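To find a chain, count down the sequence lines: A is the first, B the second, and so on, and within it residues start at 1. Computed from a prediction, not measured in an experiment: that's the story for all the values here.
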Amino acid sequence: MLDIKYLRDNFEQAQQRLATRGDEIDLAPLRQLDSRRRELLGEVEALKAEKNRVSALIGKTKDKSTVKDEISRMKEVSSRIKELDEDLRRVNDELQSFLMTIPNLPHPQCPPGGGEDDNVELRSWGELPQFDFEPKAHWDIGEALDILDFERGGKIAGARFTLYKGAGARLERALINFMLDLHTGEHKYVEMLPPFMVNRDTMTGTGQLPKFEHDLFHVEGMDYFLIPTAEVPVTNIHRDEILAAEQLPLYYTAYTPCFRKEAGSHGRDTRGLIRQHQFNKVELVKFVAPQDSDAELEKLLDNAEEVLRRLKLPYRVMDLCSGDIGFSAARTFDIEVWLPGQNVYREISSCSTFGDFQARRAAIRYRPVEGGKPELVHTLNGSGLAVGRTLLAILENYQQKDGSVVIPEVLRPYMGGMERITAT
RNA sequence: GGAGAGGUGGCCGAGUCGGCUGAAGGCGCUCGCCUGCUAAGCGAGUGUACGGGGAAACCUGUACCGAGGGUUCGAAUCCCUCCCUCUCCGCCA
């Protein structure tokens, strides 16, 4: 959520910055609602002040018969207050829901652009593997090794669900543990295991609601949603809290499954593990003081990249342009892993700073060292990494001519020493 | 699911037959004083949000005692609904 005071004073500028996202966002109604709100507020508060004053007077009067007129007058004032409060509530609700649908302002350093094609490649890492055979796609590799069963995943649940088997299931688990150990052990994140279902307030705090309800799985009969990412429960850990300055920065990491409807992506990535209704992810979340957020984003990105470096998977880093960043994000770096079976780079991590956008929605504040008023923290998060996509990247990059897949060295301790997955 | 207890400020904890309680008291914290260190002691201060005024310090109004309604001139205090926590029982990974 954007700051209404900022919007009040920097109307044109805000309008222009939002325009770089490419959506048509007209802020005009905001001005109207805002001034109407303040008008009503002044009126109703003056009446309440009078009511309070007179009521106190009545309270002090022993003989109530001498204040009959005041009592009947306050009766009218009270009902007038009720009307005005009702108007105010309506205007307020309208203002709030309008604010809730406005995306974040792109970061000043966010490259301008209309869409994917304008994203900027910052760097790439690793040698693309050379094969003396035609590299296969992971779905073929996984089925041939009998470690991924798309057929039965579909039977059990439906399209976009996969059954992992044997070494495939273990590899997924190994990746989760490897990532968590790296981030907690070397990058100093605190591990969290949050609920996988959350309430409406939590979904609103990080920006999924109210605008993106159609992407979420909702639990029938209870007002719970399945989380689309650990960002949601983990960022909301500190919702409605005022943190001490000394607590910052806070680094949290969490493994969770993620559930997404993928509405609107019908027919895209229908094969394989790329786009699933349920997938595993290890997430990195930070709460930082505003002046640190840019540097913290770089570090977070590096923490995510480190996973790929250790796994020796080639990747590149993209600086997403203003037209391609998400609703709540101010700036986003995507890490894209090389997939030789498909001859493309695919997103495997998305690292973003949200500035104070989520913090304002979720009321996550801290008290500055100098004391004084609480200020909003900045929140950041990134995948560290998407586990299913990491697994498929391993299958494609480490595939051998004989159909087997070599296990990256750092994962072998997590695989009981296994060095290679072969067809049984 | 059944029975009971409870939700007040950073924490603990008072709030009598509704009015003088933004909220006693204690702890904690901050600043100052004092004691050659430490402990103790003394004094002052110490919630949040949204308005209005002011360059600012600050002054001022309103709201908030789990949430939402109701009764009343007036509610933390009475009534209703919901949520959450705890205890016991049942069921259960």
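Using a 4.0 Å heavy-atom distance criterion, A:Arg367 is classed as a sugar-phosphate-only contact. Within the 4.0 angstrom heavy-atom criterion, only backbone atoms of the sugar-phosphate kind lie near A:Arg37; the bases stay farther away. Within the 4.0 angstrom heavy-atom criterion, only backbone atoms of the sugar-phosphate kind lie near A:Ser78; the bases stay farther away. Within 4.0 Å (heavy atoms only), A:Arg89 reaches no atom of the nucleic acid at all. Residue A:Ala56 is out of contact with every strand shown, counting any heavy-atom pair closer than 4.0 Å. Across all strands shown, A:Arg200 has no heavy atoms under 4.0 Å from either base or sugar-phosphate atoms. Using a 4.0 Å heavy-atom distance criterion, A:Lys373 is classed as a sugar-phosphate-only contact. Residue-level contact check: A:Leu41 touches the backbone only, with heavy atoms under 4.0 Å from sugar-phosphate atoms and none from bases. Here A:Lys82 lies in heavy-atom contact (under 4.0 Å) with sugar-phosphate atoms only.
With no hydrogens or angles considered, a side-chain donor-acceptor pair links A:Arg420 and A:Ser404 at under 3.5 Å. Under the 3.5 Å distance criterion, with hydrogens and angles disregarded, a donor-acceptor pair is assigned to the side chains of A:Tyr315 and A:Arg309. No side-chain donor-acceptor contact under 3.5 Å links A:Glu283 and A:Thr256. Defined by atom type and a distance below 3.5 Å, a donor-acceptor pair is missing between the side-chain atoms of A:His183 and A:Tyr255. Under the 3.5 Å distance criterion, with hydrogens and angles disregarded, a donor-acceptor pair is assigned to the side chains of A:Gln13 and A:Tyr6. Side-chain contact check for A:Glu231 and A:Gln358: at least one donor-acceptor pair (N or O, by modelled atom type) lies under 3.5 Å. A donor-acceptor pair shorter than 3.5 Å can be found between the side chains of A:Thr202 and A:Arg239. Between the side chains of A:His378 and A:Asp292, no donor-acceptor pair of N or O atoms lies under 3.5 Å.
Across the P atoms, B:U30 and B:C86 are found 33 Å apart, a figure rounded to whole Å. B:C78 sits 14 Å from B:C65 when the P atoms are compared, rounded to a whole Å. For the C1' atom pair drawn from B:A24 and B:G13, the interatomic distance equals 10 Å after rounding to whole Å. For the P atoms, the distance linking B:C79 with B:C92 amounts to 39 Å, nearest Å. B:U48 and B:U8 have their C1' atoms separated by 15 Å, with the value rounded to a whole Å. Nucleotides B:A56 and B:U16 have their P atoms positioned 43 Å apart, rounded to a whole Å. Remark: the separation of the C1' atoms in B:G10 and B:A67 is 22 Å, to the nearest Å. Distance check on atom C1': B:A14 versus B:C80 gives 27 Å, rounded to whole Å.
Figure legend: cation-pi geometry between A:Lys188 and A:Tyr251 absent, as NZ or CZ is not positioned both under 6.0 Å from the six-membered ring centre and within 45° of its axis.
Both A:Lys51 and A:Gly59 sit near RNA chain B, but only A:Gly59 has its closest nucleotide nearer the 5' end. Residues A:Glu45 and A:Asp34 both approach RNA chain B. Their nearest nucleotides, taken by heavy-atom distance, put A:Asp34 toward the 5′ side.
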message = For RNA chain B, please output the secondary structure as dot-bracket, reading 5' to 3'. Pairs are Watson-Crick or G-U wobble, both atom distances under 3.5 Å; mark crossing pairs with [ ], other-strand partners with |, unpaired with a dot.
response = ((((((((.[[[..)...(.....]]]((((((.......))))))(((((((....))))))).[[[[[..)....]]]]])))))))....
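The span of RNA chain B lying next to chain A, judged by atoms under 4.0 Å from heavy atoms, is bounded 5' to 3' by B:G19 to B:G74.
Remark: of the listed residues A:Arg38, A:Arg31, A:Arg36, A:Arg38 is the sole one forming a salt bridge (Lys or Arg N to Asp or Glu O under 4.0 Å) with A:Asp34.
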